[in-house]
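A short write-up of the structure that comes next.
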Amino acid sequence: MTDSLYPIAKVAHLLSLGQPDELVLVRGWVRTKRESKQDFAFIELNDGSCLANLQVVVPGELPGYATSIKELSTGTSVSFKGKLQASQGKGQRIELLASELHVLGTADPATYPLQKKGHSFEFLREKAHLRPRTNTFGAMARVRNAISFAIHSFFQERGFLYVHTPIITGSDCEGAGQIFQVTTLDLARLAASGRAVDYSQDFFGKPAGLTVSGQLEAEIFATSVGDCYTFGPTFRAENSNTTRHLAEFWMVEPEMPFYELADNMTLAESFVKYIIRQVMEKCGDDLAFFNERIEPKLLESLNNIISHNFIRLSYTEAVEILQKSGQSFQFPVEWGVDLQSEHERFLTEQHFAQPVILYDYPRQIKSFYMRANDDGKTVRAMDVLVPRIGEIIGGSQREERHDVLVARMQECGLKPEDYWWYLELRKYGTVPHSGFGLGLERTVQLITGMVNIRDCIPFPRTPKSAEF
RNA sequence: UCCUCGAUAGCUCAACGGUAGAGCGAGCGGCUGUUAACCGCUAGGUUCUAGGUUCGAAUCCUAGUCGAGGAGCCA
């Protein structure tokens, strides 16, 4: 059906730049059809290149009109040749007057699951193979793409190296949550035999699992080739059933030598703002859609984020604010306990109504690798909290002093010999360094206003759910 | 994992322990440069599963499965 007279065009291109009398070939899927029995029909054609549809006018005199128009129900794939013309109707600048149509694949309206009208997100999660054909999930896919691109360009513009850290990692070395085990052992036979598992017989000769973080490996490169970042899938086998946790998610983890905590916070703030600005620039229509249909204050809150400095607040100051707030919290606040969701929400949504960076947390509630402060009580950790989502970034300055790190590991019940290579980074040419992790899906949540993180990734993996 | 709520037509939901309905979607017809089009008619049900109570269960009880919201874990 290709034809040099009719150049192939994307709907996004035609809607923004198409001119009357241009001949084009467009291909996509029918969203809706409005029929005028004798005369002609309007087809709303979507090809995913943008949120909007191209209105195609199919005249009644087209050969085979009666049969082919009947097939053009919602979900049908079709290609049209025709001529652009200024639209007589309201709602679109330009439309296509079809001169030829080919139905590529029909979609039986009696069984096609997607209707013209909206569906609940719960229903659409069961149709993950078709939901990208809806406005919301098409928009989500484009925004997610723009965020991913912005992540790379932010770091590439600053000379960071993109480092690929392993997906499969050896043993229980990371301590950041439950790991998914990776094995080639025949579990059914093992269970039947009643024998103990002998990991020396396993593929790697020892227990292995899916990564929960690329941080430790990123530190290897930060302390050799300089500023770097990882960006890839991450796995947590926690039995988490919330709107902001996934068993498989994507995480960005920059790691920078010579950065102290304040530098880390500055980078994190620039990073979040950069991503939002990029998406606003590239996906304006999609964000307008989310603002209209999903979260009415979305654009207002995104503008608020990019136009103010993030509040920087020590954990100790935060505790004081919460204690003096007069709020009745379900969980009382006292120095030394981790802050609850309700506390974080109070700070970001009510007290400041802005993103907040909390830092210098009590050492007993944070990880072994975070650098100890001189007060003996706190470590140089920082969390970036945003309204509605909560923690979007968690990071720290890393402990670079060999003896302090060893002592801290022992205090946390970890065996230093398991981390021999991590410790050698401190033994040979150690430097102060810092880094953080940003959850991609939570960023999608923040920027789209989508309530549930399961709707911010194409194929969500959660407990009891991995159909697609 | 804990707490709470839910599961009925393709979808979203009603139905006091007593004949399972509506709106939307779909099919058919009408009307119309329409645009979440509109108007009329028609079809469509193992009420999540397994037990139990009862003359009688969508409805009450028990267990389970799945889903949602909140909490924890965190990105």
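Chain naming here is simple, since letters A, B, ... match the order of the sequence lines and numbering starts at 1 in each.
- Using a 4.0 Å heavy-atom criterion, one finds that A:G89 contacts the bases of the nucleic acid, with or without backbone contacts as well.
- To the nearest 0.5 Å, the span separating OG1 on A:T462 from NZ on A:K464 amounts to 11.0 Å.
- At a cut-off of 3.5 Å, with distance as the only test, no side-chain donor of A:R408 or A:S367 sits close to an acceptor on the other residue.
- A:I393 comes within 4.0 angstrom of the backbone, heavy atoms only, and of no base.
- Among the protein residues, A:T242 comes within range of the nucleic acid bases, having at least one heavy atom under 4.0 Å from a base atom.
- Residue contacts for A:R93: at a heavy-atom cut-off of 4.0 Å it reaches no nucleic acid atom on any strand shown.
- Side-chain atoms of A:R442 and base atoms of B:C74 include a donor and an acceptor less than 3.5 Å apart.
- Closest contact between the side chain of A:Q55 and the listed nucleotides B:G33, B:A75, B:A68 involves B:G33.
- Base pairing of B:U34 is not made with any nucleotide, judged by Watson-Crick or G-U wobble geometry with both donor-acceptor distances under 3.5 Å.
- For the OP1/OP2 pair of B:A36 and a distance below 4.0 Å, the side-chain nitrogens and oxygens of A:R293 include no atom meeting the criterion.
- Looking at the side chain of A:K464, the nearest of the listed nucleotides B:G72, B:C66, B:G33 is B:C66.
- Here the C1' atom of nucleotide B:C74 and the CD atom of A:E441 are 13 Å apart, to the nearest Å.
- Checked against a 6.0 Å centroid threshold, the rings of A:Y359 and A:Y315 do not count as neighbours.
- A:R371 pairs by the salt bridge (charged side-chain N to carboxylate O under 4.0 Å, His left out) definition with A:E400, not counting sequence neighbours.
- Nucleotide B:A7 forms a pair with B:U65, judged by Watson-Crick or G-U wobble geometry with both contacts under 3.5 Å.
- Across the strands present, B:G17 finds no partner; the criterion is a Watson-Crick or G-U wobble pair with both atom distances under 3.5 angstrom.
- Residue A:D455 contributes atom CG, which lies 13 Å from atom C1' of B:G67 at whole-angstrom precision.
- Under 4.0 angstrom from either OP1 or OP2 of B:G72 there lies no side-chain N or O belonging to A:R236.
- Of all nucleotides present, only B:U1 satisfies the Watson-Crick or G-U wobble test against B:A71, with each distance under 3.5 Å.
- In this structure, A:S341 reaches the B:G72 phosphate: one of its side-chain N or O atoms is under 4.0 Å from OP1 or OP2.
- Partner assigned to B:G29 is B:C39, using Watson-Crick or G-U wobble distances below 3.5 angstrom.
- A distance of 6.0 Å or more separates the ring centres of A:Y422 and A:Y369.
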What string of B, S and - do you get for nucleotides 9-14 of chain B, 5' to 3', if B is base contact, S is sugar-phosphate-only contact and - is no contact with any protein heavy atom under 4.0 Å? -BSS--
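- Side chain A:Q178 to base B:U1: no donor-acceptor pair is found below 3.5 Å.
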Filtered N/O pairs between nucleotides 2-8 of chain B and protein, under 3.5 Å:
none

